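Keep in mind it's a predicted model, so treat the numbers as computed, not measured. Residue numbers start at 1 and run along the sequence shown.
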Amino acid sequence: QVRLVESGGGSVAAGGSLRLSCVASGYRFSSNCMGWFRQTPGKDRAVVAIVDSGTYYIDSVKGRFTVSRDIAKNTVYLQMNSLKPEDTAMYYCAANCGWNEGGWYAVYWGQGTQVTVSS
C-alpha cells in the first residue's frame, strides 16, 4: 500500500510563506523520485518541483520555492516563500516520478492540500 499524505496548506497574504509536508509510506523512499504538482480549476495538473538525485523547479518558482526531503522521517517538503496570488492551487505530493519528452509524470499521488494566496 503506497500512501502519501500532504499537510501545511492554508490561506496567506501575498509575500507570505508556507511549508508543505508529505509523509510517505508503503515504498522505499530514500532513492525514489518525489515531486510536487499543482492544479487549478480547468487546468491540468502540472509539475512545480522535483527532488531526485538533484532538484528541479519550474521557472516561475525558482528563487522562491525549495524542495527537500528528510529520509529519516520519510517526508518531503516544499518551502514556499514570497508567495503570489498566481501560486493559488491545490498542491499534490507525488512519488515514482519521472521525465519523458512530454514532461514530468508520476505514478502515486497524495490527496492534495489547498494553498490560497490573497492579494
With sequence neighbours left out, the residues meeting ring pair (Phe, Tyr, Trp, His ring centres under 6.0 Å) with Y91 are none
Under a 3.5 Å distance rule, please check whether [X] uses its side chain to pair with a backbone N or O of [Y] as donor and acceptor.
| X | Y | result |
| --- | --- | --- |
| T88 | E86 | no |
| E6 | G112 | yes |
| R69 | T75 | no |

Do any pairs count as a salt bridge (charged side-chain N to carboxylate O under 4.0 Å, His left out) and have a residue in residues 33-42, sequence neighbours left out, and if so which ones? R38-D87
Given side chains that start at C-beta, do those of L83 and F65 come closer than 4.5 Å, heavy atoms only? yes
Would you mind reporting whether W36 and V76 have side-chain heavy atoms less than 4.5 Å apart? yes
Examine [X] and [Y] and state if one hydrophobic cluster contains both, with Ile, Leu, Val, Met, Phe, Trp and Tyr joined whenever side-chain heavy atoms are less than 4.5 Å apart.
| X | Y | result |
| --- | --- | --- |
| V23 | F37 | no |
| W104 | M34 | yes |
| Y77 | V51 | no |

For V5, all residues meeting side chain to side chain contact (heavy atoms under 4.5 Å, CB included), sequence neighbours excluded: R3, Q111
Mind checking salt bridge (Lys or Arg N to Asp or Glu O under 4.0 Å) for R45 and listing every partner two or more places apart, or none if nothing turns up? none
Residues that K43 engages under salt bridge (Lys or Arg N to Asp or Glu O under 4.0 Å), provided they are two or more places apart: none
Atom pair [atom1] ([X]) and [atom2] ([Y]), whose distance is rounded to the nearest 0.5 Å:
| X | Y | atom1 | atom2 | result |
| --- | --- | --- | --- | --- |
| Q79 | R64 | CD | CZ | 12.0 Å |
| K84 | S119 | NZ | OG | 14.0 Å |
| M80 | L20 | CE | CG | 4.0 Å |

In this structure, are over 12 heavy atoms from other groups packed under 6.0 Å from N100 atom CG? yes
Closest contact, heavy atoms only, A95 versus N32: CB-ND2, 4.4 Å
G110 and Y92 have their tightest heavy-atom pair at O-CD2, 3.6 Å
Can you give each donor-acceptor pair under 3.5 Å made by side-chain atoms of residues 9-19, sequence neighbours left out, with the distance rounded to 0.1 Å?
residue : atom : partner : partner atom : Å
S17     : OG   : N81     : OD1          : 2.9

What pairs meet the disulfide bond (SG atoms under 2.5 Å apart) rule with one or both residues in residues 49-119, with sequence neighbours excluded? C22-C93, C33-C97
Ring centers of W99, Y105 separated by less than 6.0 Å: no
Pairs of donor and acceptor atoms involving the side chains of residues 53-60, under 3.5 Å and at least two apart or interchain, shall be tabulated with distances.
residue : atom : partner : partner atom : Å
Y57     : OH   : V67     : N            : 2.9
D59     : OD1  : K62     : NZ           : 3.1

